Amino acid sequence: MVSRYLGSDLARLWVDENFSEQDRSRSDAIGTAMVAATRSWLERAEWLDAETRALSLNKIDGFTLKLGAPEHYRPVPEGIVSDDLYRSVRGLMLASRAEEFDGIGTPLPSQYWYGVQPYTVDAANSPDRRALTITAAVIRGALESNDPAAWFASAFVVGHEIGHSFDDQGSKFDPDGILQPWWSEETRERYDAEVAKLKRQIAAWEPSPGVSMDPEQTIGEAIGDLIGLKLAEHALDTYLAEHPERAGPDASGFTAKQRFFLAYAQSFRTVWSPGALEEHIARSYHPPGEFRVNGIVRNLDGWYEAFDIEPNDPMYLPVEERVAL
Ligand SMILES: [Zn+2]
């Protein structure tokens with residue numbers, strides 16, 4: 001309730017104490033690197049025809065990326081909050097509803113955050129608003145580390161949300177955020193053929209003995225993971241090309257690229273209580289963490305290079321079966 005109606009005020013207090021100017025500049029740098037990686041990905045994508053490629057680049061240019069914490073806070077109406085809890089909550093609810101009604105027919109102010117606050121571990125893609133929001137709490141790992149591998153492993157979440165703009169549903173929203181066809185038929189066919197490969201992979205996953213997953217239920221999140229990891233990897237590669245001295249092993253003995261994939265894997269560590277995994281598989285759009293890692297990395301050529309994976313290794317996937325999105 002506090003987050004819902006006084007989230008802006010709470011965010012302002014939290015940001016003052018927990019999100020320094022240095023945090024903001026690093027978070028801005030990560031955002032810039034990820035948008036550049038996305039443009040580069042679209043420019044190289046073999047499944048896009050020239051016209052759809054140009055429109056897709058427009059779609060990226062039309063995004064508002066809200067990363068870290070807001071710079072502007074929605075004003076909380078004054079004179080409503082008092083010592084009387086009931087009157088305060090009622091007043092805030094009425095003010096919020098009035099704001100929504102007043103806003104009908106006018107564009108949403110793009111500088112404010114909606115529904116997500118910087119202090120919660122949360123990320124959202126609103127295709128109709130053309131806004132991506134990823135909170136400071138999500139990229140904490142990037143803000144607290146001096147290792148570029150950790151920065152870009154955290155930036156995966158930014159890539160995942162960008163990926164939703166090109167998943168099986170998000171790709172149906174055009175560059176103006178309108179739900180209408182805008183891809184050429186040949187692009188949609190080539191895209192569907194790659195998505196079909198990923199669905200076949202998901203159908204073969206068995207998270208719990210005898211329990212398989214419904215590819216239709218999880219394909220959107222799996223596409224988000226695949227595109228997100230590719231974008232983050234590309235952003236890291238770009239950084240390492242400019243800072244080759246940081247590419248080699250650190251004190252851990254792992255190269256930057258290896259540390260990147262290890263950090264990605266560590267971010268999905270999960271322990272399931274009995275029955276919880278089966279319930280998750282039945283209800284969630286997200287594959288269990290183990291599969292968000294092992295099921296996805298084997299589609300990335302860079303992962304094979306990083307760990308010298310050979311055809312007889314258990315996670316090896318023939319090149320033609322890797323999803324080339
Ligand atoms: Zn997602």
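All values derive from a computational prediction rather than experimental measurement. Atoms within each ligand, like the ligands themselves, are counted from 1 in listed order. FYI, side chains are in, hydrogens and waters are out, and symmetry mates aren't considered; it's all heavy atoms of this structure.
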Take Arg140 and Asp23, measure what salt bridge (charged side-chain N to carboxylate O under 4.0 Å, His left out) needs, and give me the verdict at the end. CA-CA 9 Å; Arg140 201 73 235 166; Asp23 289 340; 3.6 Å; yes

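Environment of CD in Gln180: crowded, with over 12 heavy atoms of neighbouring residues, nucleotides or ligands closer than 6.0 Å.
Because its NZ or CZ atom is both nearer than 6.0 Å to the ring centre of Tyr316 and within 45° of the ring axis, Arg322 counts as a cation-pi partner of that residue.
Within Glu221, the N/O/S atom positioned nearest the Zn ion (ligand 1) carries the name OE1.
Metal site remark for the Zn ion (ligand 1): His286 contributes no N, O or S atom at a distance under 2.8 Å.
Our summary of the site lists the angle at the Zn ion (ligand 1) between NE2 of His164 and NE2 of His160 as 90°, to the nearest 10 degrees.
In this structure Glu221 satisfies the side chain to side chain donor-acceptor pair (under 3.5 Å) test together with His160, His164, His286, sequence neighbours excluded.
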